[in-house]
Structures are given as structure tokens and as C-alpha cells.
There are 2 protein chains.
Amino acid sequence: MNHNISLQNVSISSSMQCCNCNLNSLCMAVSLDLSEMSKLDRIISRGKPMRKGQLLSTQGENFISVFALKTGSVKTYTTSAEGDEQITGFYFPGDLIGLNGIHSGTCPDSIQALETTTACKIEFEQLDQLSVDLPKLRRQILKTMSKDICNEQNMLQLLANKNSDERVATFLLRLSNRFKARGFSESRFRLPMSRNEIANYLGLTVETVSRVFTRMQKNGFILVNNKEIQIVELKALLKLANNTA
Amino acid sequence: MNHNISLQNVSISSSMQCCNCNLNSLCMAVSLDLSEMSKLDRIISRGKPMRKGQLLSTQGENFISVFALKTGSVKTYTTSAEGDEQITGFYFPGDLIGLNGIHSGTCPDSIQALETTTACKIEFEQLDQLSVDLPKLRRQILKTMSKDICNEQNMLQLLANKNSDERVATFLLRLSNRFKARGFSESRFRLPMSRNEIANYLGLTVETVSRVFTRMQKNGFILVNNKEIQIVELKALLKLANNTA
DNA sequence: ATTATAAACTGATTCAGATCAACTTTTTGT
DNA sequence: ACAAAAAGTTGATCTGAATCAGTTTATAAT
């Protein structure tokens, strides 16, 4: 019986294992060997595709699992008591999301698909248990959280100091870098989020974001066609962002 | 010989052990039993007092240790390429600092004493190793990082959405809560940081912070005497902060 | 296809907080 | 104790982005 199940697993999911996932260099599976990866595989459940707008988790619900994005993109956001929404991040394939729920035991933010998205789901307790035997995995979890903290700190710097041009330029350059790291074009990409979402994330209004895009296009730095962005003058954009991509 | 050393340890440091530290309910040692705590004790080195302005660690240097504050207070800040400083946090006794260096292997920010301050220093590799055998310690480290992420996200919300009154009110209320958690008065406390540092942290100018303090005092919400703050009308302050302390 | 609805853009006006400048108080060093 | 430097406060003015309002373009629904 056990044998049966395992055969089934193999046949169904040959392309659904960490070792075959083309994201393992970005994801938790980085630097794990085959036997370690198969242990990780055993505690991962692969979700079916979610449509735009669907929630991967909801602010306030019990913290049980973390998620690793396979395809698509999501935003995380918190809703304040007065009901206004603050986007805290955008995430792409390979990103591990949800670790910020550990300390309170509840999800501090909602995770929503920006487009058709698939994600792997991992029960945190199992992941933590597995991390005892797999130092590389343990380190990877800590690295992910450490990086999250640094990213948020970079955002603080952006919001505390920078004007609208600098914010938008930095935003585009960071996206560009993240797409590049995933093997996509760094100079031509599609924004999965709306202008409103960009504005919210950057602490600006939609109007301002729109104006900055228009101005950057007029100056020949970028080409904008609705959500399609092309970076034409990387250097100029870097200068606008004060080289702090 | 071994015996000798251990005797010495006991005699010198009876009050210098986690189990005798009045902060262990806030610090890593939370919920560890005596034998677990003594293991933690063995890898902790207690630093001598640092004076105001001294650096606990410097941005860019190799990441080796994390710190647990015993007394005093510190700020963490990053210095950008152009040389301007962004304060990313203020920390008080019991806080564990420096975990954000894990992912890059270098310290992403500098940690500076705001007053006379003592801190325990723990080599991260040893802490990580110890966490394998002490699930509660492992969990505590993850909780600390998770909470850090949430704190930064709260700051994002503050900087992206709130006006100067809301920022300063929220700042004071959060400080009040943290002092309360440490057994100090929640309604009367001394700010260890300058107006400049508050302004920098909150994404405002010194002038604006000063004006907000003055206005709050005129309205009878707080009493300000240089760095001494007294919260007179908690409710009014909460309302100013939109109840998001 | 066609309408309804939402998202995005553009212009005019307003305003909160930055900037500039002067002064007062506190802290530091001799 | 004193001078010098730093920190903090207050007022006047300016400005970048918010707000308000209207139009255009894209997306969704029938």
C-alpha cells in the first residue's frame, strides 16, 4: 500500500517536485541535495491555480502555513481598523511568503493573487521540524526572514526620504532586478499590479504615479503602454533613483 | 581546572546569568527552563557598558554576532551611498538586535548607543547550533524576526499614509507601550533620542516634530519638558493616532 | 458588438509640511 | 564657571504632491 502511494506520487507529480522545479534556485530548496529535497517534498502541498483577486490567506486568520509562489504574482496588504488598505509587498515565483505570522500566531496580512497564480503550501510546524535535521533549510528560512526585514527597511528609507520620481524609479528598477533574477527580461516587462496598487505601495496617489510615468516617458527614460513597461535609459532611471535600486 | 573555571564563572557572574536577568521574560530566555538557560548562558558574552554614541556594530562589517540589550537604548540606521542616514529602529532592554544580517553575511545597518548601554553579545553560529536542541529557543528567534517584519510593516503604513500628528502620536504611544512592557511608567518617560532622530525616523523634519510637540502640549494632551514626556490625555492621543498604537 | 464599469490620464487648485532664517535653551568641553 | 557648540523652538515663505474635477482608455458584462 505504501508502495502504491509512492508510485502514484511519482507518476502524478514527476514535474511537481522541488527537484524538478525550475525555481529551486530561488526558493527554499536552494543547495539541498536530492535526499534532503525529497524530505521537503513530502511536506509540501501544491495548490491548484488561483484566479486574480483570490486570497491565499486572510488577515486575522490562524497562522498555519507558509507559501512558496510557483507562478503568477501576489500582493500582501494589511487593512487598518478604519478600513484603509496598505500594501506591504509584491511577490513573484520563488518567493516564500507568510513567515511574519509566526510571532502572533495569526496572519498579520492578507495575500491576494494579482493574476492567475499557483503556490506551494507548507505547514509551518512541519517545516520547522524538518529544519532541525536540515541545517541548510533552517538557514534558508532565516535568510528569507532576514532579507524580508532588510527589504522593509529599504522601503522605510524610500518612504521617509524620497520624492515621487525617486520612488517610482526605484520601484521600477527593483522590479526589473527581480524579473532578471527569474530569467525574464530586465528591460521589458508587464506590471501585474494596477497604478492604484503602485501608488498605495509607494505612499503616493494614483494621479502622481500616472504623472511620473508620463514624465519619464516624455524624457525618453521608459516606454509605457498600459501595463507594459520598457526601460529605455537604464542609466537615467538609476540616476533618478539615486542608484539605490 | 575545568572545575576551577566553572566555579569562577559562578562567583563572578551570579547576577550575570540569563536566569538572574530581570529581562529574561522579554529576551530569548523566555520559557526556557534552568538547564536550557544555562546552555544559552555558555554562549553569551556580556559586554561592558558603552557610552552614548559608541557603535555596537557598523554597517558593512561581517555579520558574526547578534545582541541582546540589557540596559540603555540604541538606534539602528543605514547610511546611503549619498551619505544620508535613515534610522530604522529604536531598541530597549530585552530586545534582540542584528538578525537582519543573516542573509547577506554583512551588517546591513549600524547600531549606536543613545545613552550608556550594556548589551549581551551572541555569536550567531553558536546560537543557531544551540537552537537545534532547544525548540523553544529556535521558536523565539523566529518569533523575534517575525515580529521585526511586522513592526517594519507597521512603519510602512505609518510613513505611507499618516500625517505629522498621527506619526508623532503613534510614535509616543508605541514608546509608551514598550516602556510599560518593561515595567516602567507608561505615562511618564524620558526620550533617549533627539528631536532630529525622531524626525528622521518618522520621515519628518525637526521643525515639524517640534511644532507637533508644542501643539500637543497646548492642547493638553502631553507635557513636554525637553526630553521628559508625560502623557496627560491618553484618549486624545489615541484618537490622534487613529487608535493604531 | 455594445454598453456599463473600472482604470488611467490630465489639468487647475489647494494645502501640509519643507525650507529658510532667527532666536533660545541645553549640552559639552576647557 | 564659562565659552562654544549643539539641540530645540518659533515664525515666514515656498513647493511638491494631494485633492478636486473632468476626460479618455481599457476591461468586463450582457
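Naming convention: chains lettered A, B, ... in sequence-line order (proteins, then strands); numbering from 1 in each chain. Just so you know, these numbers use all the heavy atoms, side chains as well, and skip hydrogens, waters and symmetry mates. Quantities reported herein were computed from a predicted structural model and do not represent experimental measurements.
- In this structure, the side chain to side chain contact (heavy atoms under 4.5 Å, CB included) partners of B/T79, at least two apart in sequence or on a different chain, are B/Q59, B/Y77.
- Two rings, from B/F124 and B/F63, have their centers less than 6.0 Å apart.
- The side-chain contact (heavy atoms from CB on, under 4.5 Å) test with B/I87 is passed by exactly one of B/N200, B/I198, B/L202: B/N200.
- Under a 4.0 Å N-O distance rule, the pair B/K70/B/D95 does not qualify as a salt bridge.
- In this structure, CG of B/N225 is placed 11 Å from C1' of C/dT25, rounded to the nearest angstrom.
- With contacts defined as side-chain heavy-atom distances shorter than 4.5 Å, the pair A/Q153/B/N100 qualifies.
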Short heteroatom pairs, N/O only, protein and nucleotides 28-30 of chain C, under 3.5 Å:
none

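- Contact annotation: the side chain of B/R188 never approaches that of B/I229 to less than 4.5 Å [non-hydrogen atoms, C-beta and beyond].
- Here B/T144 contributes atom OG1 and A/I149 contributes atom CD1; the two are 9.0 Å apart, rounded to the nearest 0.5 Å.
- For DNA chain D, the contact window with chain B, defined by any atom under 4.0 Å from a protein heavy atom, covers D/dG8 to D/dA12 in 5' to 3' order.
- Atom NZ in A/K227 sits about 11 Å away from atom C1' in C/dA6, given to the nearest Å.
- You'll find the ring centres of B/F90 and B/Y201 inside the 6.0 Å limit.
- Between B/K75 and B/E85 there is a salt bridge, since a side-chain N of the basic residue sits under 4.0 Å from a carboxylate O of the acidic one.
- By the 4.5 Å heavy-atom criterion applied to side chains, B/Q217 and B/N219 are not counted as neighbours.
- Nucleotides of DNA chain D nearest to A/E207 and B/T214 differ in position, and the one nearer the 5' end is that of B/T214.
- Screening residues 48-57 of chain B for salt bridge (charged side-chain N to carboxylate O under 4.0 Å, His left out) gives no qualifying pairs among residues at least two apart or on separate chains.
- Following rounding to the nearest Å, A/R195 (CZ) and C/dA6 (P) show an atom-to-atom distance of 19 Å.
- Distance CG (A/N226) to P (C/dA7): 12 Å, rounded to an integer number of Å.
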Tabulate atom names and distances for all N/O pairs under 3.5 angstrom spanning the protein and nucleotides 14-18 of chain C.
from	atom 1	to	atom 2	distance (Å)
C/dG17	OP1	B/S164	N	2.7
C/dG17	OP2	B/S164	OG	2.9
C/dA18	OP2	B/T205	N	3.4
C/dA18	OP2	B/T205	OG1	2.8
C/dA18	OP2	B/T208	OG1	2.4

Would B/N161 and A/Q86 satisfy side-chain hydrogen bond (donor to acceptor under 3.5 Å, both in side chains), going step by step from the backbone distance to the final call? CA-CA 8 Å; B/N161 285 319; A/Q86 176 61 45; 2.9 Å; yes
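- In the helix from C/dA1-D/dT30 to C/dT30-D/dA1, the rotation axis of the first five pairs and that of the last five pairs differ in direction by 60°, rounded to 10 degrees.
- In this structure, B/L114 places its CG atom 16 Å from C1' of C/dT27, rounding to the nearest Å.
- Nucleotide C/dA8 holds its P atom 11 Å from the CD1 atom of A/I229, rounded to whole Å.
- In this structure, B/E115 and B/G72 approach most closely via the heavy-atom pair OE2-C, 3.6 Å.
- Note: CG (B/N196) to P (C/dT27) measures 15 Å, nearest angstrom.
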